[in-house]
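Step one of this worksheet: look at the structure below.
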Amino acid sequence: YQPSERVIKKIKSEFSNDISITVVLATWCHDSKREVPRFYKIIDLAGIDEKYLTVYSTDLKKTVKGVDISSLDIQRVPTFIV
């Protein structure tokens, strides 16, 4: 996967320190296995520090042990919330 340089430049120019990104994924999910590495490649190329990320890995019921993510209303994974 090779992201567009134009897109990377746009993300770099518009990202600010008051933005946070929440990623909800599932290791059992084929879409997560495909899209999450692509997402990480994009943020790496854009120079976004991982301190701006919160990542949750869900079970089959889309719940996370010890964390209440019900307010996120996750219907499908992966979900990226900016």
Side-chain angles (χ1 to χ4, degrees):
Y1 173 68
Q2 186 58 45
S4 161
E5 287 185 36
R6 182 181 59 79
V7 171
I8 297 299
K9 287 179 184 177
K10 179 102 169 141
I11 291 170
K12 281 183 180 182
S13 70
E14 294 193 14
F15 188 83
S16 67
N17 294 341
D18 62 342
I19 292 176
S20 64
I21 304 168
T22 300
V23 180
V24 183
L25 61 94
T27 59
W28 47 265
C29 170
H30 295 292
D31 292 340
S32 290
K33 290 177 184 181
R34 182 186 62 238
E35 300 305 330
V36 173
R38 292 175 178 189
F39 168 78
Y40 270 96
K41 186 169 189 175
I42 290 168
I43 65 166
D44 285 345
L45 291 172
I48 297 172
D49 193 311
E50 288 186 23
K51 70 182 180 184
Y52 297 104
L53 298 179
T54 303
V55 180
Y56 298 109
S57 181
T58 70
D59 59 19
L60 290 171
K61 296 179 184 177
K62 298 187 186 68
T63 60
V64 177
K65 185 176 181 179
V67 179
D68 181 10
I69 63 166
S70 61
S71 65
L72 300 178
D73 192 30
I74 302 301
Q75 301 296 314
R76 299 198 186 329
V77 288
T79 297
F80 303 90
I81 303 168
V82 180

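Side chains of Phe15 and Ile21 form a contact here, defined as non-hydrogen atoms less than 4.5 Å apart. Using a 4.5 Å heavy-atom cutoff, the side chains of Thr63 and Ile69 are not in contact. Within the 4.5 Å cutoff, side-chain heavy atoms of Val55 are placed close to those of Tyr40. Between Ile48 and Ile11, some side-chain heavy-atom pair lies under the 4.5 Å cut-off. Contact annotation: the side chain of Val23 never approaches that of Thr79 to less than 4.5 Å [non-hydrogen atoms, C-beta and beyond]. Looking at heavy atoms from C-beta onward, Lys41 lies in side-chain contact with Gln2 at the 4.5 angstrom threshold. A heavy-atom distance below 4.5 Å is not found between the side chains of Thr54 and Ser20. Leu25 has its side chain out of reach of Thr58: every pair of non-hydrogen atoms, C-beta onward, lies at least 4.5 Å apart.
Residues Ala26 and Ser57 come closest through the heavy atom pair CA-OG, 4.4 Å. Ser32 and Pro37 get closest at one heavy-atom pair: O-CD, 3.6 Å. Of all heavy-atom pairs between Tyr52 and Ile19, the closest is CD2-O, 3.4 Å. Closest non-hydrogen pair, Val77 versus Lys62, comes out as N-CE, 4.4 Å.
There is no path of hydrophobic side-chain contacts, each under 4.5 Å, that joins Ile81 to Leu53. A continuous path of hydrophobic side-chain contacts links Leu60 to Leu72 [ILVMFWY only; heavy atoms under 4.5 Å]. Cluster membership for Val36 and Ile8, using ILVMFWY side-chain heavy atoms within less than 4.5 angstrom, is shared.
Atom NZ of Lys33 has more than 12 heavy atoms from other residues, nucleotides or ligands within 6.0 Å.
We find the OG-NZ distance between Ser4 and Lys10 to be 12.0 Å, quoted to the nearest 0.5 Å. Put simply, CG on Leu45 and CD on Glu5 are 9.0 Å apart, with the number rounded to the nearest 0.5 Å.
Below 30°, between 30° and 60°, or above 60°: for Phe80 and Phe39 the angle between ring planes is between 30° and 60°, a tilted geometry.
Arg38 is linked by a side chain to side chain contact (heavy atoms under 4.5 Å, CB included) to Tyr1, Arg34, Glu35, counting only residues two or more places apart in sequence or in another chain.
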